[in-house]
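Heads up: the structure comes next, in structure tokens.
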Amino acid sequence: MYLFVEPERSFDVDIRQPASYVRRQFVISKPVQKAELEMTALGVYIGYFNGKRLTEEELLPGFTDYRYRVQLQSYDVTDQVRSGENVMAAVIGDGWYRGGLGAGSVRNQFGTRLAWMARLTVIYQDGTEEVFASDAKTKATQEGPVRTNDNKIGEEYDARREMPGWNQPGFDDASWHEVKEISYQGKVISHEGEPILRHECFSPKAFTTPKGDTVLDFSQNMMGRMRFHLTGKAGTQVTLTFGETLDENGEFTLDNLHIPGSGNHVSRDLQKLVYLCKGGEQTYESQFLICGFRYVKLENWPEEVKAENFQAYAIYSDLTQTGSFTCSNEKINQFVRNVRWSQKSNFVDIPTDCPTRERAGWTADISIFAKTACYQTDTRTFLRKWMRDYMLEQLPDGNLPFVVPTGEAPDNTWGCMGWSNALANVAMTLYQFYGDEGVLAEVYEAVKKFVEFNVRRAKKNHRLAFLSTRKDQEYIIDTGFHFGEWLEPGSSMPKDFMSAMIHPNTELTTAWFYLTARQLSEMAALLGKSEDHKEYEALAKKLKMVYRERFLKKGNLHAKRMCKYVRPLAMELTQGEEAGRIAADLAWMCEKNRYRIGTGFLTTWQILDVLADHGYLECAYRVLENEECPGWLYTVNKGATTTWENWLGIDQKNHPTDSLNHYAMGSCVSWLYSHCAGIRPLKPGFEEILIKPMPGGTLTYAKAEYQSLVGNICSEWRIENGTFFLHVSAPEGRRVKVALPDGSVQEMDGGTAQFRCLWKRA
Ligand code: BGC
């Protein structure tokens, strides 16, 4: 029942194609009791029944690894079926299936020809049933108004080619071509993900740049689309380009999205809508192109630019919001809003790195952000759908990708430590928040295969390893490609890439190998697999010993990079006195660095936790509240409305670099919930709750609320005249342990309670 919707003529698969319009007309001759329509596509579809759009949901059928599975949507169309002629129809674009993906906008990752499937099951009032499907009676055309399309690169729309009534009964489709049935090799599954919907609506301010360009500013960086209204002459060509920022001269730019030396064409060809007017008044909003943007550059606008003619809509997966945080430092509050916006912009059916340059399911990004995402939203449905594609992409030898879904052929960058460990790390995070062992059972075999892959891989040696005579070499992963700490202040993507090419950072690969082995042993214990538990606990122990001997120098690290201190503390790779020495050195290093942050992707999510947990709470606050570059609040001072990929996203001279909408560096927000307000699960799923607020810095007030699966939890504190006041509320009957800043501990059985103690800054 699947149909190729394009004719068999050969076309250049590297060139963007017009959208396909498909329709299947049929006759209903008896009274109908129920009519259910199922639809999906290889590509992205907008479906219609008798001219009416089927749903407000966007980007259907969603992003899965189409080689293995595609989601199917069902619609109840009972009220729309009429006696006589009816039509089911769709416009189909390239979507993730064959559109540009990743930094290089590589096309055709899952296939080269778009296909459509529709099936209407009608139950008549007389009890009989009839099925109408996308079969050989379906007609299609590529002559409609969408001349080229891609989610990311652009769309060309020629309004003069509109075909009124094309999706309604009675339309003359004689000139449309026939379609060919194919068989789809993957699985058709019912819709698993969260719906992708339009949310907030923004109006712009229009201005002219020093160079004379007309630009709209929607004041919020987001993922979405813009609707516009204009009056123009037929054939007038208008171009709209969507970008995140202005440059240091106040000009519209996409240059920040170009990776120097990468050779990719993203900065030239990205987020561009070309619209050809049909004459008279008209309204349009791209149907396939979706953009990461705050600014829109207008070219050849045929009339006065009036703000009321433009609206931007944020579009993202509809996750239930579960958390909120506010405090007495307004800049922190703005930062938290920015992180929330980066999550929204990058939660579009799969968790992505950025909504602009790559839009790829980079695994480390979500691995380190998962905790923050779980405080802010209910991530269960969204992340589990993504994890299923992750597992399907595992290679027979156990290796895992670093971008999911990916249609690109595996190479030696697969299995890179810090990235490919995400399956285990995200599963453990979900378990902590929701207490469901089902998620662990589901990933268990895949995680085990990955650990076994690493056991074998560690035995292989880098070509320079003959220089080492150490016996523990067989536990060290020094082959393959590993991105490393990634984007520490002062570094850049090309620089990090080059150094990773030369030699893997074995301190990092060993630590992540250890973490995944430990997580596997924990999963085994929880799932009652005692043999496995013993085996992987022993492996984790061995790896810890190797790590300590090789890299810890009994805690006297004398390292120049903060990550070297944060990692062993955060991953519990220390023993005895080592932790104390390392934490003291880290705190000293922060002070010496005037509390400017010094970590990259792989330890930024942990630095505040380790400082606070090892007795350096004030230091953690100084780092959090630092406003100099690099620092979280520096970004707020620079007017950021989302979080940046690079600490230098907008430098002191206002020059923009890299994506300005990456959530990875915003992963410290979990700390505001878990430490500042102090809401933590004492048992997985918040079956028992810990409230341990840790006030400090300039804060005199903080409040976090978290809607857990067992009920609403709130921790709200203020400091007044040397007294710390705490208000706690938790679900009735739940055991709650309340640990106050003076060290005293009390217990409550849910409900609400007030606490107080003397407050003295540490
Ligand atoms: C992406 C990341 C990703 C990284 C790998 C970048 O191009 O945007 O966020 O994790 O590559 O190091």
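We count ligands from 1, going down the list as the structure has it; atoms in each ligand are counted the same way. Start at 1 with the first residue, then count along the sequence.
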Item to check | Pairs satisfying side chain to side chain donor-acceptor pair (under 3.5 Å), at least one member in residues 387-396, at least two apart | outcome: R69-D389, E192-R388, R388-E442
Checklist entry - Nearest protein heavy atom to atom 4 (C) of ligand 1, by residue and atom, and its distance? => result W486 NE1, 3.6 Å
Item to check | Side chain, backbone, both or neither: the part of F402 lying under 4.0 Å from ligand 1 by heavy atom | outcome: neither
Next on the checklist: What protein heavy atom lies closest to atom 1 (C) of ligand 1? Include the residue and the distance to one decimal.
Outcome noted: D353 OD2, 3.4 Å
Checklist entry - Who's the nearest protein heavy-atom neighbour of atom 7 (O) of ligand 1, and how far? => result E358 OE2, 2.5 Å
Checklist entry - When you check the side-chain N and O atoms of E485 and T603, is any donor under 3.5 Å from an acceptor? => result yes
Checklist entry - Is a side-chain donor-acceptor pair under 3.5 Å present for D349 with S317? => result no
Item to check | R16/E155 salt bridge by N-O under 4.0 Å criterion | outcome: no
Checklist entry - Of all the heavy atoms in F601, does at least one lie under 4.0 Å from an atom in ligand 1? => result yes
Checklist entry - Who's the nearest protein heavy-atom neighbour of atom 10 (O) of ligand 1, and how far? => result D365 OD1, 2.7 Å
Checklist outcome for this item: ligand 1 atoms nearer than 4.0 angstrom to some heavy atom of H662 are 1 (C), 2 (C), 8 (O), 9 (O)
Checklist entry - For T599 and T604, does a side-chain donor sit closer than 3.5 Å to a side-chain acceptor? => result yes
Next on the checklist: Considering non-hydrogen atoms of the protein only, which is the closest contact for atom 5 (C) of ligand 1, and what is the distance?
Outcome noted: W362 CZ3, 3.3 Å
Checklist entry - Sequence neighbours excluded, which residues qualify as salt bridge (Lys or Arg N to Asp or Glu O under 4.0 Å) partners of E58? => result R198, R225
